[in-house]
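Only heavy atoms go into these numbers, but all of them, side chains included; no hydrogens, no water, no symmetry mates. Positions are given from 1 along the sequence.
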Amino acid sequence: MMLRIDLSNPGIKKAAMAVLFYPVFFLSCFLLEKASPSGPCTPGLGMIFLFLLPFISAIFLIVNAVKLYNGKKENKKSALVHLMALITYLLFFYINTNS
């Protein structure tokens, strides 16, 4: 059984792009960390990019929420993807700081 995603639907296409953004982002963080590693007191480029992730997710979420509010229903799935990513990042941050 082959799974086929219909990318002719604009909502699915935007959600797929949002889902693909995060692995590409983490891969770039990994590669930047290898190129400019962190030291004992200084974060490397990968860590700096990783610290920017909640802000980037929040900006994408706000942009999609504004578009959704203005009547573009195809941004609903993309906004949910960014909201889930932001919540996941914040939960991991909360768990790691309180343990």
Side-chain angles (χ1 to χ4, degrees):
M1 179 175 192
M2 183 181 249
L3 176 66
R4 297 189 72 201
I5 299 174
D6 182 22
L7 292 180
S8 63
N9 182 350
I12 299 294
K13 187 175 183 178
K14 288 179 186 262
M17 292 298 287
V19 168
L20 286 176
F21 167 76
Y22 291 100
V24 170
F25 184 84
F26 284 116
L27 179 65
S28 65
C29 287
F30 176 76
L31 293 175
L32 285 171
E33 185 62 29
K34 290 297 179 184
S36 174
S38 299
C41 297
T42 56
L45 283 177
M47 282 295 131
I48 291 173
F49 262 53
L50 198 58
F51 289 139
L52 292 176
L53 181 63
F55 301 108
I56 294 170
S57 293
I59 289 170
F60 283 152
L61 177 61
I62 290 169
V63 167
N64 281 315
V66 167
K67 287 181 181 179
L68 185 62
Y69 180 74
N70 289 332
K72 294 186 178 181
K73 299 294 181 191
E74 64 268 7
N75 290 327
K76 183 177 182 180
K77 292 177 180 76
S78 179
L80 288 174
V81 168
H82 292 303
L83 179 64
M84 288 188 302
L86 184 61
I87 289 172
T88 303
Y89 184 86
L90 293 175
L91 280 174
F92 278 125
F93 183 76
Y94 177 75
I95 290 169
N96 285 330
T97 56
N98 288 333
S99 59

task = Give, for atom OG of Ser57 and atom CD1 of Ile62, the distance between the pair rounded to the nearest 0.5 Å.
result = 11.0 Å
task = Determine, using the 4.5 Å side-chain heavy-atom cutoff (strictly less than), whether Tyr89 and Tyr22 are members of one ILVMFWY cluster.
result = yes
message = If you define the side chain from C-beta out and look only at heavy atoms, does anything of Glu33 sit under 4.5 Å from Leu45?
response = no
task = Is it possible for you to say whether Leu32 and Leu52 belong to one hydrophobic cluster, with membership spreading through side-chain heavy-atom contacts below 4.5 Å?
result = yes
note = Here the ring-ring contact (aromatic ring centres under 6.0 Å, His included) pairs for residues 41-80, sequence neighbours left out, are Phe21-Phe60, Phe60-His82
note = CD1 of Ile56 to CG of Leu86, rounded to nearest 0.5 Å, is 11.5 Å
task = Would you confirm whether Ser38, through its side chain, and Pro43, through its main-chain N or O, come within 3.5 Å as a donor-acceptor pair?
result = no
ask   = So do Tyr94 and Leu90 actually touch side chain to side chain, heavy atoms under 4.5 Å?
value = no
key: Spacing of Asn64 atom CG and Lys76 atom NZ [to the nearest 0.5 Å]   = 13.0 Å
message = Which heavy atom of Leu20 sits nearest to which heavy atom of Pro23, and what is that distance?
response = O-CD, 3.4 Å
query = With distance as the sole test, does Ser78 use its side chain to make a donor-acceptor pair with the main-chain N or O of Asn75 at under 3.5 Å?
reply = no
request  = Mind checking the CG-CD1 spacing from Leu53 to Ile48? Nearest 0.5 Å is all I need.
outcome  = 14.5 Å
request  = Find the distance between CZ (Phe93) and CG (Asn98) and round it off to the nearest 0.5 Å.
outcome  = 9.5 Å
query = Is it true that Met47 and Phe26 fall in one hydrophobic cluster, defined by side-chain heavy atoms closer than 4.5 Å?
reply = yes
inquiry  = What's the separation between atom NZ in Lys14 and atom NZ in Lys67, rounded to the nearest 0.5 Å?
reply    = 5.0 Å
key: For Leu61, the option from Val66, Val81, Leu83 that meets side chain to side chain contact (heavy atoms under 4.5 Å, CB included)   = Leu83
